[in-house]
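Take a look at the structure set out below.
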Amino acid sequence: MGIRHPGEVSWLEIDANALAHNARVFREMLGAGVRLGGVLKGNAYGHGFAETLPPAHAACDALFLIEARDALAVRAFEARTSAVRRPVLVLGAVDADEAVELARAGVDVALTDAGQARFIPALRAAGVRLRGQIHLDTGLGREGFMPDEIPSALQWIAPDAIEVTGVLSHFANIEDVTEQSYAARQLAAFEEGVRRVREALGLTGPLERHIAASAAALLLPAAQKDVVRIGISLYGLWPSNETRLSAHALLGRVPELRPALSWRCRSQLTKWLPAGSYVGYGCTYRCPTRMRIAVLPLGYYDGYPRLLSSRAHVLVNGQRCPVLGRVMMNHTVIDVTGAAQPEGVVTATLLGRDGDEQVSADQLAIWAQTINYEVVTRIGAHLRRIVI
Ligand SMILES: *Cc1c(COP(=O)(O)O)cnc(C)c1O
């Protein structure tokens, strides 16, 4: 048996059926001919890249990543399992050596700025041609070419080294609002930008156009274009409450997304503390009566936010158990007085369902003063992920 993996005390369960269900929800909503792309950045939004890749690869038509090595891992997975080759696009920063490797692997790379002219000598030296997609900054103020700098901003793109296969952009302000005037302006700028890119590069063939992430795919049918890039909602989470409200107003119903992630932990020990005992650093909690506590071998190191101190509850045997005092680096103490069997270990659900109760990523985000995206992506990469 030997030394235990941290995943044997605290682990994540990835529900592959939930992921497939969420992909179906989007397929039913997409216009004819619009392809479904899945975003696996941020360790697949904390769900685990390696564990999420097989079900996501099966459910999606295309994959979007941040890092070159993840794209190469997709190609290795396809070779190993004889899966079809999906279109893969690296959205994030790559260097010249990576550009060469990605060209060899048939992976597309986002072209975001003229600094990438450094790819050209490396690509020529290797004798490969890179598939590049022009990222337009239509109002996010992040990476990408400003549409009105085209054609001059694209002059470095040498056709012998780079084949331009698509144009993309990203919305700035859909999740935080219930009216979409800024998004409409971005969409208009995108359409004009695509026209300019075609003209500047003399492109007449098909060009893949994409701008919609989860919220836009749900709320702005005109933004679906050729492919959508679904991140958070592929994992069964809503981009925001505003998005859910807007979806209800627009569609007359709320599509059912199923969260794919549960986080569970076996207690290190349980014990009784006498009335008046303190719990945790700072002595911020004092037991009003004799209480039974469970010590969970998990803390902010594992991605359970310290802001959950004295605020969150976890589930044990389908019952809510408050977090007592401070969340520590490797320990969290919960009150199991009403929930535990007489002896032994308890299994706590930190995120997900247990019986009739549920702790959602949205609820954790409210307690921790952040958004569900951050809650799930910060769950430690060292924890074991199990696909169920
Ligand atoms: C993160 C990201 C997405 C996915 O966004 P969600 O809101 O998670 O669906 C799509 N495109 C780009 C460029 C992104 O950075």
Side-chain angles (χ1 to χ4, degrees), residues 19 22-23 25-27 29-30 34-47 49 52 56 59-68 70-71 87-94 108-113 132-145 166-177 180 182-183 186-187 189-190 193 208-220 223-244 246-247 255 257-261 361-362 365 370-378:
L19 209 113
N22 300 328
V25 166
F26 276 91
R27 285 200 190 278
M29 231 159 18
L30 295 178
V34 180
R35 279 168 298 118
L36 176 66
V39 181
L40 271 64
K41 66 187 180 190
N43 198 23
Y45 288 61
H47 292 58
F49 176 77
T52 306
C60 299
D61 302 315
L63 298 175
F64 296 94
L65 307 161
I66 289 289
E67 291 183 51
D70 288 343
V88 175
L89 173 66
V90 175
L91 294 162
V94 305
D108 291 34
V109 170
L111 303 177
T112 57
D113 60 275
Q133 302 204 21
I134 309 282
H135 196 145
L136 296 175
D137 181 0
T138 56
L140 178 59
R142 208 173 71 180
E143 77 272 49
F145 301 97
V167 185
L168 70 142
S169 189
H170 194 38
F171 286 112
N173 196 21
I174 291 197
E175 291 86 351
D176 296 334
V177 292
Q180 304 300 349
Y182 193 79
Q186 280 194 264
L187 190 54
F190 180 65
E208 188 171 69
R209 301 157 306 153
H210 47 110
I211 184 168
S214 300
L218 285 157
L219 302 179
L220 281 183
Q224 291 178 358
K225 302 300 175 196
D226 298 315
V227 59
V228 292
R229 306 186 303 262
I230 309 302
I232 196 84
S233 297
L234 183 62
Y235 306 95
L237 303 177
W238 282 83
S240 65
N241 263 330
E242 288 79 359
T243 308
R244 197 196 315 240
S246 302
L257 298 174
R258 294 189 194 154
L261 189 67
D362 299 326
T370 181
I371 55 175
N372 53 12
Y373 290 76
E374 188 180 359
V375 167
V376 292
T377 50
R378 290 179 75 96

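As the structure lists them, so they are numbered: ligands from 1, and atoms in each ligand from 1.
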Any donor and acceptor pair, going by atom type alone, linking the side chain of R27 with main-chain N or O of A59 inside 3.5 Å?
-> yes
G139 backbone acceptor or donor facing D137 side chain under 3.5 Å = yes
Do E242 and L219 touch side chain to side chain, with heavy atoms closer than 4.5 Å?
-> no
Protein contact of atom 5 (O) of ligand 1 - nearest heavy atom, named by residue and atom, plus distance = A213 CB, 3.3 Å
Minimum side-chain heavy-atom gap Y235-N22 below 4.5 Å | no
Are a donor atom and an acceptor atom from the side chains of H210 and R35 found within less than 3.5 Å of each other?
-> no
Any heavy atom of R142 sitting closer than 4.0 Å to ligand 1?
-> yes
Considering heavy atoms of the protein only, find what lies nearest to atom 4 (C) of ligand 1 and give residue, atom and distance to 0.1 Å.
-> Y45 OH, 3.4 Å
Closest protein heavy atom (residue, atom, distance) for atom 12 (C) of ligand 1 | H170 CE1, 3.3 Å
Counting from 1, what ligand 1 atoms have a heavy atom of R229 closer than 4.0 Å?
-> 4 (C), 9 (O), 10 (C), 11 (N), 12 (C), 13 (C)
Which residue, L91, L140, I211, forms the side chain to side chain contact (heavy atoms under 4.5 Å, CB included) with H170?
-> L140
Closest protein heavy atom (residue, atom, distance) for atom 14 (C) of ligand 1 | K41 NZ, 2.9 Å
Among protein heavy atoms, which sits nearest to atom 9 (O) of ligand 1, and what does the distance come to when rounded to 0.1 Å?
-> S214 OG, 2.5 Å
Check each atom of ligand 1 against the heavy atoms of I232 and keep those under 4.0 Å away; list them by number with element.
-> 6 (P), 8 (O), 9 (O)
I would like to know whether L40 and D70 meet side chain to side chain contact (heavy atoms under 4.5 Å, CB included); could you show each step before the answer?
-> CA-CA 9 Å; L40 271 64; D70 288 343; over 6 Å; no
Could you tell me the residue and atom name of the protein heavy atom closest to atom 7 (O) of ligand 1, and the distance to it rounded to 0.1 Å?
-> Y373 OH, 2.6 Å
